[in-house]
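Positions are given from 1, in the same order as the sequence printed here.
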Amino acid sequence: MRRYLFLLMILLAATTVRAQDAGTLWLAMPRAMTPYLTPEQRQEMLNSYLSAEPAPVANMLHGESSVDTLAADYGRFRLSSARTMQLVRLPREDGDSIVCVIDLYNAPAKKSVVRFYSPDWRPLSDIDVPDFSVADLTARPDSMAVAEYDALCQWFEPQLVTTEYNPVSGLFEVTLSVPFAVREEKEKIEGVVCKRFLKWSGERLKDVTNSQNI
């Protein structure tokens with residue numbers, strides 16, 4: 001019994017350390033990136049997530065903020081009802097790492113902003129997300145006429161692209177945000193949207209959509 005409890009304590013301690021490692025980036029992030037969360041509120045969010053009964057934290061906009069997921073190299077933070085942030089630590093070929101920050105906005109149309117930083121939060125301008133067109137992020141079903149497909153693609157102006165990291169697959173998923181449309185058109189529009197998949201190569205994001213290894 002004592003051996004079982006000892007192993008359980010080691011497991012819990014390791015889990016906490018991994019969570020704290022992920023939370024370190026969150027706590028060190030420049031204040032300007034989350035202006036309606038004080039450093040104390042950020043810490044409170046982590047404490048709540050690691051507690052027995054997690055609960056949202058009141059932010060300075062009188063809304064609620066919370067930690068959705070915390071792992072060694074990944075964190076997902078719900079900052080408000082309209083904004084979610086993902087932090088992804090990516091290894092570099094030289095043994096160092098960088099931080100990818102994905103801001104996901106839903107107000108109500110979805111859009112994302114992706115930025116890259118050094119571990120000490122210096123902006124990196126030499127890394128970006130491949131630029132995809134509407135043609136890259138849609139596909140015409142065989143049963144759909146070309147004219148109808150072309151007409152549906154007109155709905156994607158202005159073009160709103162959403163990039164989101166999937167911690168299970170380790171891939172970045174890029175897709176078009178479905179715009180406002182009349183109800184009878186919305187289902188057809190959703191039917192032509194497809195995803196592109198990106199994988200971090202150690203120096204850049206590589207399109208692996210057609211790869212058999214994703």
Side-chain angles (χ1 to χ4, degrees), residues 33 63-69 71 73-91 98-117 123-214:
M33 295 178 68
E64 293 184 338
S65 302
S66 61
V67 180
D68 281 354
T69 307
D73 297 314
Y74 174 75
R76 184 181 178 94
F77 307 86
R78 190 174 302 279
L79 306 186
S80 70
S81 59
R83 182 187 177 195
T84 299
M85 177 181 286
Q86 291 182 300
L87 300 183
V88 188
R89 188 194 296 269
L90 301 172
I98 65 170
V99 182
C100 176
V101 177
I102 306 176
D103 266 314
L104 300 160
Y105 297 96
N106 185 14
K110 293 183 179 180
K111 181 182 179 180
S112 67
V113 178
V114 184
R115 300 184 179 91
F116 296 90
Y117 299 86
L124 302 176
S125 59
D126 59 335
I127 304 172
D128 55 19
V129 178
D131 189 17
F132 294 113
S133 67
V134 171
D136 295 324
L137 297 170
T138 58
R140 180 178 65 86
D142 293 338
S143 59
M144 181 178 292
V146 174
E148 183 179 10
Y149 168 73
D150 290 341
L152 292 175
C153 286
Q154 297 302 313
W155 284 93
F156 296 107
E157 296 296 339
Q159 181 176 327
L160 298 178
V161 176
T162 300
T163 300
E164 191 164 0
Y165 180 74
N166 185 329
V168 176
S169 65
L171 300 176
F172 292 80
E173 301 177 358
V174 185
T175 189
L176 280 171
S177 181
V178 176
F180 296 108
V182 292
R183 180 174 299 179
E184 55 267 26
E185 296 291 345
K186 186 174 177 15
E187 185 175 344
K188 291 181 180 180
I189 294 172
E190 292 175 341
V192 302
V193 174
C194 60
K195 290 183 178 181
R196 308 289 295 192
F197 298 93
L198 304 175
K199 186 175 183 178
W200 176 248
S201 69
E203 289 299 321
R204 65 185 180 89
L205 288 175
K206 181 181 179 181
D207 187 358
V208 293
T209 303
N210 299 319
S211 171
Q212 298 298 316
N213 297 320
I214 62 172

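For F132 against R196, the heavy-atom pair with the smallest separation is CE2-NE, 3.7 Å. Here the closest non-hydrogen pair linking V114 and C100 is CG1-SG, 3.7 Å. Here the closest non-hydrogen pair linking G191 and P141 is O-CG, 4.2 Å. A pairwise comparison of heavy atoms in Q86 and R76 identifies NE2-NH1, 3.3 Å as the closest pair. Nearest heavy atom pair, residue S133 against residue D136, reads N-OD2, 2.9 Å. Here the shortest heavy-atom pairing between L79 and S65 reads O-OG, 2.6 Å.
Listed by first and then second residue, the side-chain hydrogen bond (donor to acceptor under 3.5 Å, both in side chains) pairs that reach into residues 145-160 are T138-Y149, E148-K188, sequence neighbours excluded. Annotation: side-chain hydrogen bond (donor to acceptor under 3.5 Å, both in side chains) contacts involving residues 98-107, sequence neighbours excluded, comprise R83-D103.
With values rounded to the nearest 0.5 angstrom, S211 atom OG is found 7.5 Å from K206 atom NZ. Between the CG atom in L198 and the OG1 atom in T209 there is a gap of 6.5 Å [rounded to 0.5 Å]. Residue Y117 holds its OH atom at 12.0 Å from CD1 of I98, rounded to the nearest 0.5 Å. Distance check, rounded to the nearest 0.5 Å: CD1 of I127 to CG of L205 gives 8.0 Å. Note that CD of E203 is 11.0 Å distant from CG of L90, once rounded to the nearest 0.5 Å. Rounded to the nearest 0.5 Å, atoms SG (C194) and CG (L176) are 8.0 Å apart.
L104 places none of its side-chain heavy atoms less than 4.5 Å from the side chain of K110. Inter-residue side-chain proximity for V161 and S112 is flagged as unmet; no heavy-atom pair is nearer than 4.5 Å. Counting only heavy atoms from C-beta outward, the side chains of E185 and L152 approach each other to under 4.5 Å. Between P130 and D207 the shortest side-chain heavy-atom distance does not fall below 4.5 Å.
Note on ring orientation: taking the six-membered ring where Trp is involved, the planes of W200 and F116 are parallel (angle under 30°, cut-offs 30° and 60°).
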Which pairs would a plain distance check flag for residues 166-175, meaning a side-chain donor or acceptor within less than 3.5 Å of a matching protein atom at least two apart in sequence or in another chain?
residue : atom : partner : partner atom : Å
N166    : OD1  : V168    : N            : 2.9
N166    : OD1  : S169    : N            : 3.3
N166    : ND2  : E173    : OE2          : 3.1
S169    : OG   : L171    : N            : 3.3
E173    : OE1  : K195    : NZ           : 3.0

